[in-house]
Amino acid sequence: MTSLRARLLLILITGTAAVWLSAMAWIFLSTRAEVEEVLDARLMEAARMVNSLISERRQEPGGGLSSKDTLFGEFERQPRAYERQLSCQIWSLDGALVGRSESAPQIRLSTAEAGFSLSDIDGETWRVFTVENPELNVRVMVGDNLRIRDGLVGDVIKGMLLPTVLVLPVMIGLIWLSVRQGLSPLNTVAAHLASRRARDLRPVPDGKLPREVAPLVGALNGLFKRVEDARERERSFTAFAAHELKTPLAGLKTQAQIALASDDRDVHANALRQISSGVDRTARLVKQLLDLAALEANDAGPKLASGDPAALVRSVASALEPLARSREVSLSVTVPDAPLRVTMEPHFLELALRNLVENAVLHAPTGGEASCELRRAPDGRVSLHVRDDGPGIAEAELPLATERFFRGSNRSALGSGLGLAIVELAMERMGGALRLVNRTPHGLDASLTFANRGEDTAR
């Protein structure tokens, strides 16, 4: 299992180390350049000092100058350790060695006539500054061994790196403490969830959580809400099914007992008709309960797509034509010639349309009419109207018509009170709406409107 704490520590420590090493590299290079610049300046200053001493004392070349007692002795008694590592030579312009300091090699330090130069003497590199004095006919050369200079630069860098090495463990410890403290809200949430019972789906308190943790807790609370809703739907489904199935099953049992207790053929025939009607009603109720459960269980929402509902309208009407004929109801379908495009989910629209058409056929009187009409409104929206010439819905009952298991005063014998609830839920899932209006002088107009404007594909 990947540890978030370990990942954060690795990222922070690696990033800090990279920045620290980059800073050290920059400090090393810049310090080395500055130290070398200072050392070159001191080298130039020492050479010019010797040249100045020669000029001030007006010493002549070959005049028996002692390096220990006079000029070179004064040069080698400088207070700084670095100057004691400098080597000085005085050469005449014709190539004769006039004098040298005690630490200076016997070999000529540089062949350059003036300025800075690098020389290789006995396998070691020297940095030399030469001053030419034409008045005294000499060249003053002051140089230092680069090995000594590198050692001096190294000592300076080591002096800077030592505090860094000592501070680095402290910084790593601070990073670890910071990460631990920063992740403590996650530990708090985890401990809170671990202490809960399985049935406890209350939201996790999020009042004092950091902004980075709040989305996680918000997602958890949303999940708890969806799980609680699903459990509530299951409980409702079980309660609804038990309540609504109890009555038709009791009726079936009663009719079966009547048929068994009687020898009259007419009683038997009537009982069988009642049993057949009860089975039809029970089958319709079970189907509607399953449809309702399927709609409510679709938490992710339907996969909407653009399509022409005309073919679906014809298909549903054709499937319900036998029911209409058995009730001697005329069922008609009207769709425009030009194809229409609406955003829909075919299965959800089929559920809604089938329940509306079935209701219209069941509520239409014998010899009556039921119709489906697909049309475009003047504002460009597509609507689907299902009409019948039955008794309609009492005006006072219209606001309650879409509630589950509500059966109004003009209910059908086969009605369960779920059809309009299924239609409304299916349209809500597609972003559409159901509208119920009583017709004049009687009947009901149930219209479905879609979320988008229909686009004529013929254009």
Side-chain angles (χ1 to χ4, degrees), residues 23-162:
M24 288 300 99
W26 179 81
I27 291 173
F28 173 78
L29 295 176
S30 61
T31 302
R32 183 184 182 90
E34 291 178 3
V35 170
E36 288 184 348
E37 183 178 350
V38 171
L39 295 180
D40 282 347
R42 300 298 294 170
L43 196 66
M44 183 189 304
E45 179 185 352
R48 289 176 176 172
M49 180 191 69
V50 174
N51 183 60
S52 177
L53 289 174
I54 295 175
S55 299
E56 288 178 0
R57 299 180 182 184
R58 300 186 182 275
Q59 303 280 356
E60 293 294 333
L65 184 63
S66 172
S67 63
K68 292 184 179 179
D69 298 334
T70 56
L71 178 62
F72 295 109
E74 184 174 347
F75 171 74
E76 292 183 335
R77 284 195 297 269
Q78 296 297 322
R80 296 174 183 261
Y82 170 66
E83 274 89 350
R84 292 199 297 270
Q85 305 297 332
L86 296 180
S87 298
C88 179
Q89 292 179 342
I90 301 176
W91 292 80
S92 65
L93 296 183
D94 57 6
L97 178 61
V98 176
R100 66 182 182 88
S101 63
E102 184 177 350
S103 60
Q106 298 286 344
I107 304 174
R108 186 184 182 99
L109 284 175
S110 175
T111 58
E113 296 182 353
F116 286 102
S117 62
L118 292 176
S119 300
D120 189 7
I121 301 174
D122 295 333
E124 293 187 337
T125 304
W126 287 69
R127 178 75 164 170
V128 182
F129 185 79
T130 304
V131 177
E132 185 175 307
N133 192 332
E135 295 180 359
L136 300 179
N137 195 34
V138 296
R139 286 191 180 93
V140 178
M141 301 178 185
V142 177
D144 61 355
N145 193 319
L146 289 189
R147 175 177 52 80
I148 299 174
R149 177 180 286 202
D150 291 341
L152 178 61
V153 174
D155 291 340
V156 174
I157 298 301
K158 288 177 183 178
M160 298 178 62
L161 290 178
L162 183 58

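Worth saying up front: this structure is predicted, and the values here are computed from it rather than measured. We count residues from 1, following the sequence as given.
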*Salt-bridged, R42 to E45, with N to O below 4.0 Å?*
yes

*So how far is it from T111 OG1 to M141 CE, rounded to the nearest 0.5 Å?*
8.0 Å

*salt bridge (charged side-chain N to carboxylate O under 4.0 Å, His left out) with E34: which residues, sequence neighbours excluded?*
none

*Hey, does I90 have a side-chain heavy atom less than 4.5 Å from the side chain of R100?*
no

*With a 4.5 Å limit on heavy-atom distance, are the side chains of R127 and D40 in contact?*
yes

*Donor-acceptor pair, side chain of S30 and main chain of W26, under 3.5 angstrom*: yes

*asked:* Donor-acceptor check, side chain of T130 to backbone of A114, threshold 3.5 angstrom: yes or no?
replied: no

_Can you confirm whether D94 is buried at CG, in the sense that more than 12 heavy atoms of other residues, nucleotides or ligands lie under 6.0 Å from that atom?_
yes

*Is there side-chain contact between R139 and V131, with at least one heavy-atom pair below 4.5 Å?*
no

*asked:* Between Q89 and I107 (side chain of the first, backbone of the second, donor and acceptor by atom type, cut-off under 3.5 Å), is there such a pair?
replied: yes

*Judged by atom type as modelled, is there a donor-acceptor pair below 3.5 Å linking the side chain of S110 to the main-chain atoms of V128?*
no

_My understanding is that only residues two or more places apart in sequence, or in another chain, count here; which of them pass salt bridge (charged side-chain N to carboxylate O under 4.0 Å, His left out) with R108?_
none

_Within this structure, what is the CG-CG distance for the pair L39 and D144, rounded to the nearest 0.5 Å?_
7.0 Å

_Ignoring hydrogens, what is the shortest heavy-atom contact between T125 and N145? Give both atom names and the distance._
O-OD1, 3.5 Å

*For residues S117 and W126, determine if any side-chain heavy atom of one lies less than 4.5 Å from a side-chain heavy atom of the other.*
no

_So does D150 get a backbone contact from the side chain of E36, meaning a donor-acceptor N/O pair under 3.5 Å?_
no

*Can you tell me which residue pairs pass the ring-ring contact (aromatic ring centres under 6.0 Å, His included) test with a partner in residues 95-122, sequence neighbours excluded?*
F116-F129

*Run the numbers on C88 and V140 for side chain to side chain contact (heavy atoms under 4.5 Å, CB included), then give the verdict.*
CA-CA 7 Å; C88 179; V140 178; 4.2 Å; yes

_Give me the atom names and distance for the closest heavy-atom approach of L109 to S87._
CD1-O, 3.8 Å

